[in-house]
Structure formats: structure tokens, C-alpha cells
Protein chains: 2
Amino acid sequence: MSDNGTPAQPLYRQIAEQIAEEIESGIRPVNSKLPSERELAEELGISRMTARAAINTLVLQGLVVRRGRIGAYVSRPKFRFDLSSPRGLHEQLKKAGVEPGAKIISAEKVLGNSVGNEIMNALAMGEQDEVYRIIRLRTANDEPIVIENSYFPAKIFPDLLDFNLTDSIYGILKKYFSITPAGSIQEMEISYLDSQWAELMGVTADLPTLEVKRYTVAEDNTPIEFAHDIYRGDRITFIARTGPTLNLGT
Amino acid sequence: MSDNGTPAQPLYRQIAEQIAEEIESGIRPVNSKLPSERELAEELGISRMTARAAINTLVLQGLVVRRGRIGAYVSRPKFRFDLSSPRGLHEQLKKAGVEPGAKIISAEKVLGNSVGNEIMNALAMGEQDEVYRIIRLRTANDEPIVIENSYFPAKIFPDLLDFNLTDSIYGILKKYFSITPAGSIQEMEISYLDSQWAELMGVTADLPTLEVKRYTVAEDNTPIEFAHDIYRGDRITFIARTGPTLNLGT
DNA sequence: AAGTGGTCTAGACCACCAT
DNA sequence: TGGTGGTCTAGACCACTTC
């Protein structure tokens with residue numbers, strides 16, 4: 001407690017904090033470009049690796065986004081997404097004044113034995129059953145936000161791929177198959193963007209992510225969807241509500 | 001997807017993958033020590049910084065934990081914690097055969113104006129009201145897992161600090177104040193361990209965390225607790241349940 | 001005293017992108 | 001072509017832990 005303020009903070013962290021303050025105070029406005037790593041190094045009389053470490057810290061904290069090999073920019077405030085709301089991501093973004101978008105990466109019918117046991121078990125299906133695998137990239141104000149990896153039983157939703165999958169898939173299930181998602185369990189895990197997903201999103205690998213596995217059932221408890229979603233943790237704040245009557249207590 | 005196998009993967013990532021495979025295949029068992037950064041560098045004919053980057057990747061992925069300046073060790077499988085279960089962390093760990101522990105970092109009575117508006121608003125209190133601020137470090141098998149930062153209104157729970165706060169606080173509220181937590185909203189955000197919390201946990205800074213802000217009310221809807229919990233994301237898999245009708249088989 | 005991770009330096013080469 | 005981030009090297013010093 002004797003010394004403080006800057007008690008043996010490493011240099012790269014002090015620099016990161018300095019820049020973070022400049023961002024929060026508005027000196028560095030949203031979408032403005034940070035100095036390049038070499039510029040920063042020269043300005044501050046430090047090595048480029050140290051400047052780089054500082055910027056990396058800010059990227060991990062979500063204050064800054066790297067745009068390819070062009071430079072690092074001050075990021076917009078995080079989007080908020082309520083995982084336990086009945087409203088989907090699309091609707092929540094729209095309500096917040098953000099423009100949602102979706103892009104189909106792939107949509108195909110595959111045999112159960114090619115997608116692994118975890119998924120087929122989740123859908124209560126066997127290796128010889130067919131499932132639709134739909135991969136979508138969803139955006140908020142053109143920023144990539146989440147990759148959705150969804151599986152639907154083919155025998156329950158024949159010809160699902162003939163519909164416009166850019167729209168709400170749940171909407172299609174309701175309207176054309178008269179099946180309503182009635183409940184779901186979501187399993188979350190903090191993880192990291194691996195190279196392939198990062199490439200799909202057009203961002204740097206190793207960003208923090210929230211991986212969500214979702215098991216959805218219809219009103220009669222039939223499994224109708226297994227989804228593996230990968231959300232960018234640096235751009236989203238997640239909200240979860242617990243049940244109305246909780247009996248906590250150890 | 002275009003090319004294949006090892007398509008321009010950076011060296012440190014290839015090495016990380018190699019070690020990850022050795023961990024998953026059991027060649028490197030749980031709790032075994034990895035080679036030191038210098039050893040690894042010499043073995044593989046690379047620089048120490050590259051070896052370090054590889055190990056850092058594994059740490060971020062949760063496969064490896066650093067133990068101070070002693071070395072890096074293969075970590076145990078992640079603990080699972082169901083955020084929406086009525087059972088608390090203590091009970092869930094115990095049920096999973098894990099030994100839960102808790103340590104009081106600090107427990108004090110403070111004035112509202114010293115803890116910030118966010119907290120006092122959450123508790124529906126003013127700047128001149130008093131609150132108890134209790135900081136606890138909780139462990140699983142002696143591994144630090146979460147820092148709990150809890151605030152309770154002093155006028156509702158007089159002399160709360162006289163009880164043994166190592167036990168379940170909710171249990172104390174029920175037993176001695178006849179107040180039962182009836183519901184809560186939790187707000188989650190992926191974040192990073194800053195230096196001070198990391199030091200408290202005895203781990204490296206910059207580990208991924210799940211920050212949870214919890215607003216708990218009694219049966220009459222009176223706010224009785226605001227909590228800011230910081231969970232280690234590299235050691236826990238979080239579960240959340242959503243949806244009105246839950247009755248999945250499993 | 002020896003070994004460890006944590007930090008920092010001053011270079012280097014590359015692929016990519018804007019111009 | 002020149003600037004950028006991404007990677008990598010071969011050193012260095014420090015604080016801390018274990019012996």
C-alpha cells in the first residue's frame with residue numbers, strides 16, 4: 001500500500017490504459033484510427049512489440065477492433081443480446097436501432113453419421129437419418145456478430161432448404177410446418193475464435209467468443225433443432241434472466 | 001477451406017496444436033508439467049518468444065494453467081456451473097464430487113456514496129444509506145474459481161457481518177432474517193481479469209472471465225442483493241436454461 | 001544459486017492492401 | 001511502391017520460487 005497509482009504495472013499495460021482513457025473520454029472517437037504500431041512505438045520511445053502488446057490488450061477488451069492489415073480502430077459500444085428473451089437476435093437488434101443482417105454460408109442435407117453423435121443424440125436421431133445443416137453468418141450494422149450452426153431433422157421439416165433461409169427460420173417452422181419452438185436449453189462456454197471461424201467472420205483469430213449450444217424442443221417435447229452458435233464476445237454483452245421463482249441457498 | 005492440412009498456419013499455432021493433441025490423447029496427463037519455455041524453444045529449434053506464444057494460446061484455450069513463475073501445467077477438465085439452477089455454486093460443485101471452498105477477502109459496512117450509483121440504484125437506496133460490501137473468493141478443489149462482490153442493504157440485514165460469511169449467505173438471510181431470495185436478473189459479459197483481481201485469485205492477468213451482475217429481490221420484490229461476480233472462463237463451462245416450458249429428457 | 005515466467009528491445013521477413 | 005499488421009529471432013534484465 002505504500003506506493004500506488006502505477007505500482008509496477010508493465011509498460012504495455014500502462015499504455016493500454018492511457019489509450020483506453022482517451023477512448024472513454026472521447027479524445028479518440030468511435031471509428032477513429034489508432035496510430036500504427038510503428039508510429040506508436042516511435043512516439044513513445046518503445047519497441048514495436050510493446051506497442052503491439054498494448055493494442056492487443058485493447059482488442060481483447062473490446063475497445064478496439066483490428067481491420068485486416070489496415071489498422072486498429074476504436075470500436076462502437078457493444079451490442080446487447082438477451083439470451084433468455086423470447087425475441088430472437090434479429091428482433092432485439094432492430095428494436096435497439098441496429099440494422100440486422102444474415103448471410104447463408106452453407107445449407108445442405110447430410111447423413112447423421114457425418115455430423116457426429118453429439119448432434120444426432122440431441123435430435124434423438126440415428127446415424128442413418130438425414131438432417132439439414134445450415135450455417136449462417138449474422139451481422140449488426142454490417143459487423144459480423146455470430147455464426148449460427150443449426151441442425152434440423154429432415155423428416156420433420158421436408159424441403160426446408162427450399163425456403164428463404166435468410167429470414168427467420170423459426171418463422172418458417174411455424175408458418176409452413178405448424179411447429180412452434182416451445183423451450184430450449186442453452187449451454188454456454190467461453191472460448192476463442194479458431195482460424196477457420198475467424199476467417200468466415202473476417203476478423204482476427206483468438207478473439208473471445210461465447211459458444212452457445214442450444215437444444216430446442218417443440219410443444220410435445222420433440223427435439224426440433226440443435227444449434228451451435230459462436231458469438232463474438234468482444235462486441236456483445238449478454239443478458240440472462242433466471243426464473244421467476246428461484247430458491248437459491250446452498 | 002480452399003487449401004488444406006497445415007495451410008500457412010503460424011508456427012506458434014502449429015506447436016500449440018501439437019501440444020493440444022498430446023494433451024487430448026493422454027500423452028500429457030492432467031497436472032503434468034509442460035516443458036519450460038526455454039526447454040521448448042531449444043527442443044524445437046525456435047525462439048523462446050515463439051514457444052511462449054504457443055503456451056499462451058493453450059492457456060487462453062483453458063487446456064493449460066500457469067502456476068505463478070513455476071511452470072505451466074495441463075489443467076483438469078472444466079467445472080460446470082448452471083447459472084439458472086436454483087442450486088448455488090457450492091451445492092453444484094459438491095454434487096459433482098468437487099470440494100468447494102470460500103475465503104473472505106473483505107467484509108465491511110460502507111456508505112452508499114462510496115460504492116457508486118449503479119450499485120445503490122440496484123438496491124433502491126440513496127447515497128446516505130449504508131450497505132455491507134462482502135468480497136469472497138471461492139474455490140473448487142482449491143483452484144480459485146470466482147470472486148464474488150456482494151452488496152446488501154444494511155437496514156434490511158443489521159449486523160450481517162457478525163455471522164460466519166464463509167457459509168452460504170443466502171442461508172443466513174433465510175435463517176436469521178426470514179428473507180428468501182425469490183428471483184434475480186443476471187447480466188453477463190465476457191471480459192478479462194485485470195491485474196488486481198488476477199492477483200487476488202493468484203493467477204495470471206488477462207485470463208478470460210465471465211462477469212455476472214446479479215440483481216436479487218425478495219418475495220415482495222424488494223432488492224436485497226446486488227452482486228458482481230467474476231468467474232474464470234478458462235476453468236468453467238456455464239449452463240443457462242431458457243424458455244417457458246422446459247422438460248428435456250436428459 | 002539456479003531456474004522460471006514476465007517483460008522489453010531492436011532488429012527482420014512476409015503477405016496484403018491502398019495508391 | 002510504401003505502409004500495415006503478423007510473425008519470428010536472439011538476445012537481455014527482473015522478481016520470484018525452489019533448492
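So you know, we letter chains A, B, ... as the sequences are listed, proteins then strands, and number each from 1. All values below come from the heavy atoms of this structure, side chains included, with hydrogens, waters and symmetry mates left out.
A:Lys33 NZ: more than 12 foreign heavy atoms inside a 6.0 Å radius.
Put simply, CD on B:Glu39 is 13 Å from C1' on C:dA2, counting in whole angstrom units. Here D:dT18 presents its P atom at 11 Å from CZ of B:Arg67, a figure rounded to the nearest Å. Atom CD1 in A:Ile15 sits roughly 13 Å away from atom P in C:dT7 (whole-Å rounding). A:Glu42 has its CD atom 19 Å from the P atom of C:dC8, to the nearest Å. Rounding to whole angstrom units, CG of residue A:Leu44 and P of C:dT7 are separated by 18 Å. A straight line from CZ of B:Arg52 to P of C:dT7 spans 6 Å, rounded to a whole angstrom. Atoms CG (A:Asn56) and C1' (D:dG6) sit 10 Å apart, rounded to a whole Å. Between the CD atom of B:Gln14 and the P atom of D:dG6 there is a distance of 18 Å, rounded to whole Å.
Proximity of B:Tyr12 to the phosphate of D:dC8: no side-chain N or O atom is located under 4.0 Å from OP1 or OP2. Considering only side-chain N and O atoms, A:Ser36 lies under 4.0 angstrom from the phosphate OP1 or OP2 of D:dT4. Close to D:dT9, at under 4.0 Å from its OP1 or OP2, lies a side-chain N or O of B:Thr50.
If you check the side chains of B:Asn149 and B:Arg136, you find no donor sitting under 3.5 Å from an acceptor. A side-chain donor-acceptor contact under 3.5 Å links B:Gln18 and B:Glu22. At a cut-off of 3.5 Å, with distance as the only test, a side-chain donor of B:Tyr170 or B:Glu225 sits close to an acceptor on the other residue.
Between A:Phe152 and A:Tyr132, the ring centre distance reaches or exceeds 6.0 Å.
The listed nucleotides are C:dT7, D:dC8, C:dT4; the one nearest the side chain of B:Pro10 is D:dC8.
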Spell out protein contact along nucleotides 10-19 of chain C as letters: B when the base is contacted, S when just the sugar-phosphate is, - when no protein heavy atom is under 4.0 Å; keep the 5' to 3' order.
B-B--BS-S-
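With A:Tyr151 as the aromatic partner, A:Arg133 does not meet the cation-pi criteria of under 6.0 angstrom to the ring centre and within 45 degrees of the ring axis.
Partner of A:His228 under the side-chain hydrogen bond (donor to acceptor under 3.5 Å, both in side chains) criterion, chosen from A:Glu118, A:Glu211, A:Glu148: A:Glu211.
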